[in-house]
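Here is how names work: the chains are called A, B, and so on, in the same order as the sequence lines, proteins then strands, and each is numbered from 1.
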2 protein chains.
Amino acid sequence: MGKAYDVMAATCPSRTVLHRIGARWTVFVVNALDDGPRRFSELKGHIRGITPKVLTETLRSLEADGLVSRHAYDENPPRVEYALTPLGRSLLVPLRAVRLWAEEHVPDIEAARSRRPTP
Amino acid sequence: MGKAYDVMAATCPSRTVLHRIGARWTVFVVNALDDGPRRFSELKGHIRGITPKVLTETLRSLEADGLVSRHAYDENPPRVEYALTPLGRSLLVPLRAVRLWAEEHVPDIEAARSRRPTP
DNA sequence: CAGAATCCTTGACGATACTG
DNA sequence: CAGTATCGTCAAGGATTCTG
């Protein structure tokens with residue numbers, strides 16, 4: 001039997017999914033939730049340089065896609081925790097690998113880049 | 001010993017690398033080279049919907065990063081083949097996993113999305 | 001065939017300030 | 001603390017046409 005979805009097909013829903021994963025900050029946020037639930041400010045502090053607006057947007061889309069769950073405690077001051085859903089945790093596996101690949105191969109890529117000075 | 005690079009650090013080069021990987025079409029092009037070298041037009045035909053300009057740009061950056069190699073045959077009509085370098089093939093491993101994840105979990109994501117009708 | 005050239009659109013991302 | 005609200009930009013991506 002052939003596969004049901006093919007990212008190479010222009011109209012395939014899997015392409016939308018893959019584009020969402022490819023969004024600038026998805027890999028970072030999912031990886032930041034690797035160690036368990038985290039609060040908004042913890043995420044913001046951990047993913048250096050991300051703005052609250054962008055973090056919110058990213059979390060909202062991940063939530064809409066069922067990858068992240070949000071739990072607001074009825075306390076004062078407010079407390080909100082984000083966690084990976086089982087689906088999100090399944091995505092974490094490949095995304096962690098991508099993250100590790102990036103961290104491991106920085107020297108290789110920088111070497112390749114310096115070999116081709118931009119004119 | 002701690003790790004040398006951390007994508008969570010704002011100024012870390014690994015973040016640049018990860019952003020490059022996250023570029024819209026990188027995952028598609030790298031996966032399209034899974035089966036071996038391919039010509040420009042083959043890639044264009046296989047990755048449905050990509051325009052020649054974007055394909056060229058993507059290939060050029062992948063080349064600059066040492067992930068893809070380009071070989072132009074001196075023939076007429078012109079023939080150019082693109083292939084993954086060893087470095088590119090090492091990236092293929094996690095990226096293939098991401099691609100498969102996307103293709104496998106379309107139903108889950110669509111279910112999650114329909115659970116939250118956009119107002 | 002493999003692209004280069006051109007022009008254009010848009011939405012993702014960012015900086016800053018404000019609020020329940 | 002956990003966000004919204006605004007405003008601005010800019011570069012990635014796209015459509016089209018042309019060429020060695």
Side-chain angles (χ1 to χ4, degrees), chain A residues 7-11 15-30 32-33 37-65 68-83 118-119, chain B residues 7-11 15-30 32-33 37-65 68-83 118-119:
Chain A
V7 295
M8 299 303 177
T11 61
R15 178 165 291 191
T16 311
V17 172
L18 197 44
H19 275 167
R20 174 62 51 82
I21 297 175
R24 195 66 120 252
W25 293 102
T26 299
V27 187
F28 296 89
V29 171
V30 172
L33 291 172
R38 286 203 157 173
R39 308 177 57 159
F40 187 87
S41 54
E42 286 176 327
L43 289 172
K44 194 159 81 65
H46 188 66
I47 309 170
R48 310 307 298 264
I50 195 172
T51 63
K53 184 201 165 201
V54 169
L55 179 55
T56 301
E57 287 172 352
T58 307
L59 286 169
R60 292 282 182 276
S61 1
L62 291 176
E63 218 190 325
D65 285 357
V68 160
S69 66
R70 188 192 117 112
H71 187 281
Y73 295 84
D74 192 9
E75 298 177 1
N76 195 312
R79 198 171 66 132
V80 178
E81 281 194 344
Y82 294 91
T118 18
Chain B
V7 293
M8 298 302 175
T11 62
R15 178 164 292 190
T16 311
V17 173
L18 196 44
H19 276 166
R20 174 63 50 83
I21 298 175
R24 194 68 118 251
W25 293 102
T26 299
V27 187
F28 295 90
V29 172
V30 172
L33 291 171
R38 287 203 158 174
R39 310 177 57 161
F40 187 86
S41 54
E42 285 176 327
L43 289 172
K44 197 159 79 66
H46 188 66
I47 309 170
R48 309 309 298 264
I50 196 172
T51 64
K53 183 202 167 202
V54 170
L55 179 55
T56 301
E57 287 170 352
T58 306
L59 286 168
R60 291 284 181 276
S61 358
L62 292 176
E63 218 189 327
D65 285 356
V68 159
S69 66
R70 186 192 117 111
H71 188 280
Y73 295 84
D74 192 9
E75 299 178 357
N76 198 309
R79 198 174 115 217
V80 178
E81 281 194 344
Y82 294 92
T118 17

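Comparing the axis of the opening five pairs of the helix from C/dC1-D/dG20 to C/dG20-D/dC1 with that of the closing five pairs yields an angle of 60°, rounded to 10°.
Among residues two or more places apart in sequence or in another chain, the side-chain contact (heavy atoms from CB on, under 4.5 Å) test is passed with B/A83 by B/P37, B/S69. For B/R70, the side-chain contact (heavy atoms from CB on, under 4.5 Å) test picks out B/R60, B/E63, B/A72, B/V80, B/Y82, with sequence neighbours left out. The salt bridge (Lys or Arg N to Asp or Glu O under 4.0 Å) search around A/R79 returns A/E75, not counting sequence neighbours. With sequence neighbours excluded, the residues forming a side chain to side chain donor-acceptor pair (under 3.5 Å) with B/R20 are B/D65, listed by chain and number. For A/E57, the salt bridge (Lys or Arg N to Asp or Glu O under 4.0 Å) test picks out A/K53, with sequence neighbours left out.
Rounded to an integer number of Å, the gap from B/R20 CZ to D/dA11 C1' is 13 Å. B/R15 has its CZ atom 13 Å from the C1' atom of C/dG14, to the nearest Å. Between the CD1 atom of A/I47 and the C1' atom of C/dG14 there is a distance of 16 Å, rounded to whole Å. Spacing between atom CD of A/E42 and atom P of D/dA2 amounts to 8 Å, rounded to whole angstrom units. Remark: P of D/dG13 and CD1 of B/I50 are 9 Å apart, rounded to the nearest angstrom. Nucleotide D/dA11 holds its P atom 21 Å from the CZ atom of B/R60, rounded to whole Å. If you measure from atom NZ of A/K44 to atom P of C/dG14, you get 13 Å, rounded to the nearest angstrom. Here D/dA12 presents its P atom at 17 Å from CZ of B/F28, a figure rounded to the nearest Å.
Proximity of B/R79 to the phosphate of C/dA2: no side-chain N or O atom is located under 4.0 Å from OP1 or OP2. A sub-4.0 Å separation between OP1 or OP2 of D/dG3 and a side-chain N or O of A/R70 is present. Within the structure, a side-chain polar atom (N or O) of A/Y82 is placed less than 4.0 Å from OP1 or OP2 of D/dG3. Residue A/R39 has a polar side-chain atom (N or O) positioned under 4.0 Å from OP1 or OP2 of D/dA2. The shortest distance between the side-chain N/O atoms of B/S41 and the OP1/OP2 oxygens of C/dC1 is not below 4.0 Å.
Rounding to the nearest 0.5 Å places CD1 of B/I21 at 11.0 Å from OG1 of B/T16. Here the CH2 atom belonging to A/W25 is positioned 9.5 Å from the CG atom belonging to B/L18, to the nearest 0.5 angstrom.
Closest of all the heavy-atom pairs between A/L62 and A/T26 is CD2-CG2, 3.9 Å. The minimum heavy-atom distance linking B/M8 with A/F28 is given by the pair CE-O, 3.4 Å.
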Under 3.5 Å donor-acceptor pairs involving side-chain atoms of residues 38-52 of chain A, not counting sequence neighbours:
unit_1, atom_1, unit_2, atom_2, d
A/R39, NH2, A/P78, O, 3.4
A/E42, OE1, A/R39, N, 2.7
A/R48, NE, A/G45, O, 3.4
A/T51, OG1, A/V54, N, 3.4

Review item, nucleotides 9-13 of chain C N/O atoms under 3.5 Å of protein N/O:
unit_1, atom_1, unit_2, atom_2, d
C/dC13, OP1, A/R24, N, 2.9
C/dC13, N4, A/K53, NZ, 3.1

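Which of C/dA2, C/dG14, D/dG3 sits closest to the side chain of A/F40 comes down to D/dG3.
Each of A/G49 and A/P78 was matched to the nucleotide of DNA chain C holding its nearest heavy atom; the match closer to the 5' end belongs to A/G49.
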